[in-house]
Every structure is written in C-alpha cells, then in structure tokens.
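Values reported hereafter were calculated over all heavy atoms of this structure, with side chains retained and with hydrogens, waters and symmetry mates removed. Below, chain A is the first sequence line, B the second, and so on; all start at residue 1.
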There are 2 protein chains.
Amino acid sequence: MRYHRGDIVERAIEVLDQYGLADLTMRRLGSELGVQPSALYHHFANKQSLLGAVADELLARGLRPPVEGPWDDQVQAVCVQLRDAMLAWRDGAELVATVHAFGLGARAAYDAMVGALADSGLPDQMVPTAARALLHLVFGHTAEEQTQLQASSVGAIDLAPSESSDFTDSLALLLDGIRVRVSPGAPRRRAAPRAAPPR
Amino acid sequence: MRYHRGDIVERAIEVLDQYGLADLTMRRLGSELGVQPSALYHHFANKQSLLGAVADELLARGLRPPVEGPWDDQVQAVCVQLRDAMLAWRDGAELVATVHAFGLGARAAYDAMVGALADSGLPDQMVPTAARALLHLVFGHTAEEQTQLQASSVGAIDLAPSESSDFTDSLALLLDGIRVRVSPGAPRRRAAPRAAPPR
DNA sequence: ACCTGAACACCGTTCAAGT
DNA sequence: ACCTGAACACCGTTCAAGT
C-alpha cells in the first residue's frame with residue numbers, strides 16, 4: 001500500500017496517543033503502517049521534521065475559526081484551544097514543547113495568535129513579540145500541567161488541584177501587560193479583570 | 001577513580017558544551033570519565049534525572065546574589081542571568097527547556113524568581129503563578145533564540161537580528177501585567193516603561 | 001514515486017559479580 | 001560504596017536494489 005505525508009502524520013498521532021512519545025519511533029511507526037522504517041524517509045527528511053509535522057497537525061486540529069468579539073476574547077480563545085488540543089493526546093504538550101524548543105512546528109498556532117492580536121490596537125511591531133510570548137506561556141504551562149496530570153494518574157500524590165486556574169491566571173497576567181501597550185484610541189472594550197479571589 | 005554526583009554533573013556540562021545535547025549520552029559520558037556507562041547508574045536513577053541535575057547546575061551557576069533595589073529590577077536581573085546562563089553553553093537552553101517540559105530541574109531558578117517577587121506587593125497567592133509564567137517565557141524564548149543563533153552560525157541566513165531586544169520586550173509585557181496586580185500601597189517605585197520605538 | 005532488505009553505528013538500562 | 005563486563009532489547013539513518 002502507498003502512503004502520503006498526511007497518512008503517516010495521522011498514524012503517528014495514533015501511535016503517540018496509544019504508546020506515548022518515547023515509543024513513537026520510526027521503527028514502530030513503520031511496523032504500524034506495515035512498512036519498513038526506511039520507507040518513511042521517502043516522506044520526511046528525518047524524525048525531527050516528522051515530529052514537527054505531527055505537532056503542527058495536532059495543534060491545527062484544535063483551532064476553531066476566529067470568534068466574533070473583542071480581541072482579548074479572541075486571544076483567550078486561541079490559547080484555550082491550543083491547550084485543549086495538546087491535552088487531548090497523550091504526551092501532546094511534551095511533543096509540542098520539545099519540537100517548538102528546537103524551532104519547528106506551531107506555524108498554524110502562531111498565525112492564529114497573530115490574527116487574534118491584529119485588531120487589538122497593539123503597535124504593529126509588537127504583535128509578533130506578543131504572539132511569541134503567548135505561545136511560550138501556553139506551551140510551557142501546558143507541558144508542565146500534562147506531566148503532572150499523567151504523573152498523578154499513574155499513582156503519585158497530587159498537591160496541585162488548581163493547575164487549570166493557574167493557566168487562566170498566567171494568561172490574564174500577560175494579557176494585562178498587552179493591554180497597557182494598546183493605544184488609547186483602539187477598541188479596548190473591557191476593563192482588565194482582577195485576580196481570582198483567594199479561596 | 002571514584003566519583004560523586006557533582007563530578008559527573010560537571011563533566012556532563014563539558015561534554016554538552018563540546019559535543020552538543022544529542023551526543024551527551026550515558027556511554028559517551030562514561031567513557032569521558034574513564035568508567036563503564038553502568039557505573040553512572042550508581043549515582044543517578046536514569047538519564048532523565050542526570051539531565052535534570054545538569055540543568056539545575058547550569059542555571060545555578062549563572063545566578064548572582066540578589067541585587068538591591070526595586071522588585072522589578074530584581075526580576076529583570078534574574079531573567080537576564082538565567083538567559084545568559086543558558087546561552088553560555090552549547091544547547092544549554094534546549095536542555096533546560098526539554099528537562100523543564102518534563103517537570104524536572106530549575107529549582108534554584110524558581111526560588112530566585114519567587115525571591116525577587118516577594119517584596120513586589122503582588123498578592124501572595126499570585127507569586128508562584130507569576131514566577132512560573134516568567135520562567136516559561138525565559139526558557140521558551142531563550143531556547144528559540146539559541147536554536148536560531150546556532151543555526152545561523154552554521155551558515156543559514158539570519159533575518160532576525162533583534163532577537164535579544166525581543167527578549168526584553170516580551171519580559172516588559174509580562175512585567176507590566178504583574179504591575180497591574182501590585183496593590184497600590186506597595187512599593188511600585190517606577191512607571192511602566194514604554195515599548196522600544198520602531199527603528 | 002514509493003518501497004524492501006540489509007547493514008552501520010550506535011542507544012538506555014539491568015544485573016551478577018568483583019573490590 | 002562504587003565499579004566492571006556482559007548482555008538485552010532496542011534506536012535513527014543510509015543505500016543499493018527492486019516495481
């Protein structure tokens with residue numbers, strides 16, 4: 001049977017979800033497809049770029065069309081969608097964080113973030129900076145969150161039940177910083193929310 | 001000859017700097033120490049935890065004693081020190097980012113960040129959140145920066161000469177967000193700086 | 001264009017045994 | 001306490017050859 005890049009990426013996501021990142025090897029993926037490992041090198045230059053494509057696909061699947069509304073709601077929506085997309089697969093966040101640390105993947109995620117920031121009133125030259133900062137926060141936080149989730153599901157003690165509210169709080173911190181840079185004439189439709197009250 | 005954890009970590013940093021993260025293997029490190037690879041398992045449970053210790057040491061070496069002055073200068077100083085510590089070694093940032101994504105390492109870095117935030121006037125329950133957000137930004141950004149630096153030093157084209165000013169700008173964004181949460185009575189000694197003017 | 005088969009040069013980790 | 005020697009069960013990648 002003959003495959004294309006898309007088929008291989010799709011199967012790679014299934015292997016990732018079933019066996020984890022450590023067992024997503026070229027040999028295992030090959031045998032899962034009923035193909036020699038060397039056949040994969042006809043579609044991808046190396047494992048690194050295959051993983052990049054997997055990360056891209058995984059994130060792109062989670063992104064919804066832009067919502068109507070204020071820019072900060074849009075940014076928040078993109079961040080939540082990216083987080084959910086990673087948490088939906090075993091080791092999804094670790095994969096994205098690793099691949100992103102090596103400068104690959106997450107193209108669609110970056111574009112979505114830039115799109116959401118486009119009509120914020122943020123100075124043009126700050127938009128890429130803000131988008132990158134948001135992505136680092138989302139990827140970094142979700143990777144940490146997922147390792148803890150998976151560790152505690154394997155039997156360890158969990159002392160941090162508020163991981164997902166921590167995600168929202170971190171995001172709010174950075175969003176407030178972005179609002180400060182938004183020029184006064186721009187559509188700043190809502191006030192900065194306060195921190196969640198102590199429980 | 002007999003070694004302790006510290007000796008092994010120290011030699012691991014040298015191997016990292018000379019040969020890169022991909023060649024920092026248990027076998028290579030063993031032979032570099034004149035020892036069987038299996039001997040390393042007497043000091044570390046596995047490669048993962050050895051890498052965690054290496055990341056910790058690498059960051060701890062870059063941290064200076066806290067400076068006197070406003071909290072935001074202290075936070076900025078810690079972030080710059082961490083970035084410099086990672087950039088000082090080949091693949092230093094990739095190592096830290098990878099290890100941190102798996103929930104290990106960076107203990108000293110976290111403590112330093114919390115220390116710098118302690119007298120900011122930020123509500124106590126927000127301090128860990130802000131510290132984690134800052135670390136994700138610093139680690140994520142520096143990893144991206146270092147891959148680009150090393151890629152361009154190998155011969156690729158570099159279209160982004162302003163990577164280090166991007167670091168400062170991202171940080172300023174998040175610091176502004178933190179300032180918003182600082183209670184009015186606290187020592188907020190300086191106004192939020194503006195974004196760098198377009199060049 | 002896509003794949004096989006075989007090989008090359010490695011890995012991390014375990015474990016009985018030594019000193 | 002620290003290390004050796006040998007083994008186990010794998011890796012990513014290359015490359016001539018096939019269809």
- Task: Using only side-chain N and O atoms of B:His43, determine if any of them is under 4.0 Å from OP1 or OP2 of D:dA1.
- Result: no

Note, DNA chain D 5' to 3' with Watson-Crick or G-U pairs under 3.5 Å encoded as ( ), [ ], | and . gives ||.|||||...|||||.||

- Message: Please report the distance separating the P of D:dC8 from the corresponding atom of C:dA9, rounded so that it comes out in whole Å.
- Response: 22 Å

From CZ of A:Arg28 across to C1' of D:dC10 the rounded distance in Å is 12 Å

Whole-Å distance, A:Leu33 CG to C:dC3 P, equals 9 Å

For residues 123-145 of chain B, the salt bridge (Lys or Arg N to Asp or Glu O under 4.0 Å) pairs (sequence neighbours left out) are A:Asp166-B:Arg132, B:Arg83-B:Glu145

B:Leu40 CG to D:dC3 C1', in whole Å, measures 10 Å

The contact string for nucleotides 13-19 of chain C, one letter per nucleotide 5' to 3', using protein heavy atoms under 4.0 Å with B, S and - for base, sugar-phosphate only and none, comes out as BBB----

Rounded to whole Å, the CG-P distance (A:Leu50 to D:dC11) equals 15 Å

Query - N or O in side chain of B:His42 less than 4.0 angstrom from D:dT4 OP1/OP2 - result: no

For A:Arg27, the side-chain contact (heavy atoms from CB on, under 4.5 Å) test, sequence neighbours excluded, returns A:Thr25, A:Pro37

Identify all side-chain donor-acceptor contacts of residues 50-67 of chain B below 3.5 Å with residues at least two apart in sequence or on another chain.
{"residue": "B:Asp56", "atom": "OD1", "partner": "B:Ala106", "partner atom": "N", "Å": "2.5"}
{"residue": "B:Asp56", "atom": "OD1", "partner": "B:Arg107", "partner atom": "N", "Å": "3.1"}
{"residue": "B:Glu57", "atom": "OE2", "partner": "B:Arg61", "partner atom": "NE", "Å": "2.9"}

- Can you find a side chain N or O atom of B:Gln36 that sits less than 4.0 Å from OP1 or OP2 on D:dG5? yes

side-chain contact (heavy atoms from CB on, under 4.5 Å) filter on A:Gln36, not counting sequence neighbours, yields A:Ser38

For A:Asn46, the side-chain hydrogen bond (donor to acceptor under 3.5 Å, both in side chains) test, sequence neighbours excluded, returns A:Ser49

Between B:Met113 and B:Val75, is any pair of side-chain heavy atoms under 4.5 Å apart? yes

Applying side-chain contact (heavy atoms from CB on, under 4.5 Å) to A:Ser31 and not counting sequence neighbours gives none

Applying ring-ring contact (aromatic ring centres under 6.0 Å, His included) to B:His141 and not counting sequence neighbours gives B:Phe167

All heavy atoms of A:Val114 vs all of A:Ala131, minimum pair found to be CG2-CB, 3.9 Å

Note: contacts of residues 12-24 of chain B with DNA chain C (heavy atom, under 4.0 Å) are none

Sorted by chain and residue number, the ring-ring contact (aromatic ring centres under 6.0 Å, His included) partners of A:His136 (sequence neighbours excluded) come out as A:His100

Sequence neighbours excluded, the answer for side-chain contact (heavy atoms from CB on, under 4.5 Å) partners of A:Tyr19 is A:Val15, A:Asp23, A:Arg28, A:Glu32

